[in-house]
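Below is one structure, written out as structure tokens; the observations come after it.
Just so we're clear, the structure is a prediction, and the values are computed from it rather than from any experiment. So you know, we letter chains A, B, ... as the sequences are listed, proteins then strands, and number each from 1. When reading the values below, keep in mind they use all heavy atoms of this one structure, side chains included, and skip hydrogens, waters and symmetry mates.
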Number of protein chains: 2
Amino acid sequence: MSHEAQKTIARQSLLLRSLPEQHVETLLSHAIWRQYDRGETIFLQEEEAQAIHVVLDGWVKLFRMTPTGSEAVVSVFTRGDSFGEAVALRNVPYPVSAEAVSVCDVMHIPSPILISLMKEDPEIGISILAATFTHLHSLVAQLEQLKAQTGAQRVAEFLLNLCDVEDGECDVALPYDKMLIAGRLGMKPESLSRAFSRLKAVGVKINRNHAQISDISQLRDYAESDPADNWGR
Amino acid sequence: MSHEAQKTIARQSLLLRSLPEQHVETLLSHAIWRQYDRGETIFLQEEEAQAIHVVLDGWVKLFRMTPTGSEAVVSVFTRGDSFGEAVALRNVPYPVSAEAVSVCDVMHIPSPILISLMKEDPEIGISILAATFTHLHSLVAQLEQLKAQTGAQRVAEFLLNLCDVEDGECDVALPYDKMLIAGRLGMKPESLSRAFSRLKAVGVKINRNHAQISDISQLRDYAESDPADNWGR
DNA sequence: CCCGCAACTTGACTATTGTCATGTCATGGG
DNA sequence: CCCATGACATGACAATAGTCAAGTTGCGGG
């Protein structure tokens, strides 16, 4: 992925999308750009937060180590998502660890840069704040709407988000373990399996960690249709 | 409810809870305090936003009028919730109308006051922003956890939030239509009915819009228990 | 006072999902 | 090369919650 394409993604992130051009440039010019390998650690629990992170490509998971030694995944982020804002703005230690699940590009905005920019021009704070409240309310709405969709539909949307193209057919690699996907979509691995089998009917073939979509429009129709309409299957 | 008690609630709201004392005082001294009757309009769709609203007591609903003339409830807010932040910070017209569902106390913080305070001291923006991101992530976590609770458990938590006391027995009035409660808890009215019948087993009696809880601790235990543990009912 | 409407309850049925158990398959260690 | 392990698929079953339909109740208008 080109640096320019990465910048485009970065501009769409919650943090930057409402900022005036000149400030976006300032932040981008101070940002640190890094690629991580699969499994590489981005930061560890208890480390002091010094930056806000924006995922440009690939997948990142936040997790905690449980007393028994197994890990509990807190959340999974992907292209365009930012994380660590609250912690960075407050200069406190991370409550979780972050690791690259796939190869991924992450942009780090040093928090001192953002904070000094905000102190210099309070408008920045106001516009980020307004964008955040909007995001917060849309999130609530989305999550309420999630209950109106079946598991298979959520999986369909997940697949659509993985595709870059708008139409026709598309092959995508599932970026990580199906168990992790299931967690992200709020279902058990078994239910994910069943959701995949259902999607066969709308032209989706799953082979290992690879999905083949024969017709994106058809899949989109399915994802957005009223569950009731699909009952007469 | 005394004015002092109202101030305590206001201080706990998302907007104020992270602010330094002096700024909270400034905002509180400029705030407008009003009581609304059941059914009274707080603001109308298309009106220009001039304040951020904090519910101190009672219930407020946001809704849109559909083309057919019926109303679609967007969300319901209660004690400690604030709304209209994004709209007020951007000075754009309201996309929804707000109405008091029960008698309620609402504090209005004029947005020009907050904005000028933020311009004067950018730290304010930073601390509100940090609090907002924290809230945003906890919301996501909460909503994911919702899927781990049955409808009856969500209703139990809803009732517990209505009680002021910590222990023993308690009578509360249901603040509004059961249809509205069902919407707020993400279930159909029928499911709410059935959830209420289940709660009979843990000492809850429903009569009209009035709930009688015989033992709050028992209800809390039920709400927080693992659904699997209640299967052997 | 009665009627009708709307909210609410209840019952029957169905779809979805979680749980448990089992089976398959690929991978890596011995 | 074989087998143990873990990821994944699948079937059987149970529980939850949505849908549809039919009743019940309370309230306001006529």
Side-chain angles (χ1 to χ4, degrees), chain A residues 38-39 69-71 73 101 144-156 173-201 204-211 222-223 225-233, chain B residues 38-39 61 68-71 73 101 144-158 173-201 204-211 222-223 225-233:
Chain A
R38 180 189 173 90
S70 66
E71 64 173 47
V73 175
V101 175
E144 280 182 357
Q145 175 211 330
L146 268 194
K147 286 181 304 218
Q149 284 184 305
T150 66
Q153 284 180 308
R154 294 203 298 273
V155 175
L174 300 180
Y176 46 69
D177 280 4
K178 290 193 183 166
M179 280 179 56
L180 215 52
I181 298 177
R184 160 126 187 147
L185 295 175
M187 53 178 83
K188 299 285 152 183
E190 292 98 323
S191 298
L192 181 64
S193 265
R194 293 182 182 121
F196 277 139
S197 2
R198 286 209 189 154
L199 293 184
K200 281 177 196 162
V204 177
K205 284 193 176 34
I206 304 290
N207 199 291
R208 308 283 206 111
N209 62 338
H210 188 270
Y222 175 79
S225 66
D226 186 326
D229 297 346
N230 292 315
W231 287 356
R233 208 168 331 120
Chain B
R38 179 189 173 90
K61 72 174 173 193
T68 66
S70 67
E71 64 174 47
V73 175
V101 175
E144 280 182 358
Q145 174 211 331
L146 269 194
K147 285 180 304 219
Q149 283 185 305
T150 67
Q153 285 180 308
R154 295 203 298 273
V155 175
E157 282 206 340
F158 174 81
L174 300 178
Y176 46 71
D177 280 4
K178 290 191 183 168
M179 278 180 57
L180 216 51
I181 298 177
R184 161 126 187 147
L185 295 176
M187 54 178 84
K188 300 285 153 182
E190 293 99 321
S191 298
L192 181 63
S193 266
R194 293 182 180 120
F196 277 140
S197 352
R198 284 207 191 161
L199 292 184
K200 282 178 195 160
V204 177
K205 283 194 178 33
I206 305 290
N207 198 289
R208 310 283 207 107
N209 62 337
H210 188 270
Y222 174 78
S225 66
D226 186 328
D229 298 344
N230 292 315
W231 286 357
R233 209 171 328 118

- dC8(D) P sits how many Å from Asn207(A) CG, rounded? 13 Å
- Rounded distance (Å) that lies between atom P of dT17(C) and atom CZ of Arg154(A): 6 Å
- Message: Would you say Lys178(A) places a side-chain N or O within less than 4.0 Å of OP1 or OP2 belonging to dA9(D)?
- Response: yes
- Query: Roughly how many Å is it from CD in Gln149(B) to P in dG18(C), rounded to a whole number?
  - Reply: 15 Å
- Task: Look at the side-chain N and O atoms of Ser191(A) and state whether any lies under 4.0 Å from the OP1 or OP2 oxygen of dG18(C).
- Result: yes
- What is the distance from CG of Asp177(B) to P of dC27(D), rounded to the nearest Å? 13 Å
- So, for Met187(B) and Val155(B), which heavy atoms are closest and what is the spacing to 0.1 Å? CE-CG2, 3.8 Å
- Message: Can you identify which nucleotide, out of dG18(C), dA17(D), dT10(D), has its nearest atom closest to the Lys188(A) side chain?
- Response: dG18(C)
- Task: Take atom CG of Leu192(A) and atom P of dT16(C), then tell me their distance rounded to the nearest Å.
- Result: 16 Å
- Could you tell me the separation between the CD atom of Gln153(B) and the C1' atom of dA15(D), rounded to a whole number of Å? 13 Å
- Message: I need the CZ-C1' distance between Phe196(A) and dC8(D), as an integer number of Å.
- Response: 11 Å
- Task: Name the closest nucleotide to the Ser193(B) side chain, picking from dT9(C), dC8(D), dC8(C).
- Result: dT9(C)
- Query: Mapping Glu190(B) and Glu190(A) onto DNA chain C by nearest heavy atom, which one lands closer to the 5' end?
  - Reply: Glu190(B)
- Look only at the side chain of Arg198(B) and the backbone of Ala152(B), and say whether a donor-acceptor pair between them is shorter than 3.5 Å. no
- Donor-acceptor pair, Gln153(A) side chain versus Thr150(A) backbone, under 3.5 Å? yes
- State whether the distance check finds a donor on one side and an acceptor on the other, under 3.5 Å, for side chain Arg194(B) versus base dT19(D). yes
- Message: How about NZ on Lys178(B), more than 12 heavy atoms from neighbouring residues, nucleotides or ligands closer than 6.0 Å, or not?
- Response: yes
- Message: Output the rounded distance in Å from CD1 (Ile206(B)) to P (dC8(C)).
- Response: 12 Å
- Rounded to the nearest 0.5 Å, how far does CZ of Arg154(B) lie from CD1 of Ile181(B)? 13.5 Å
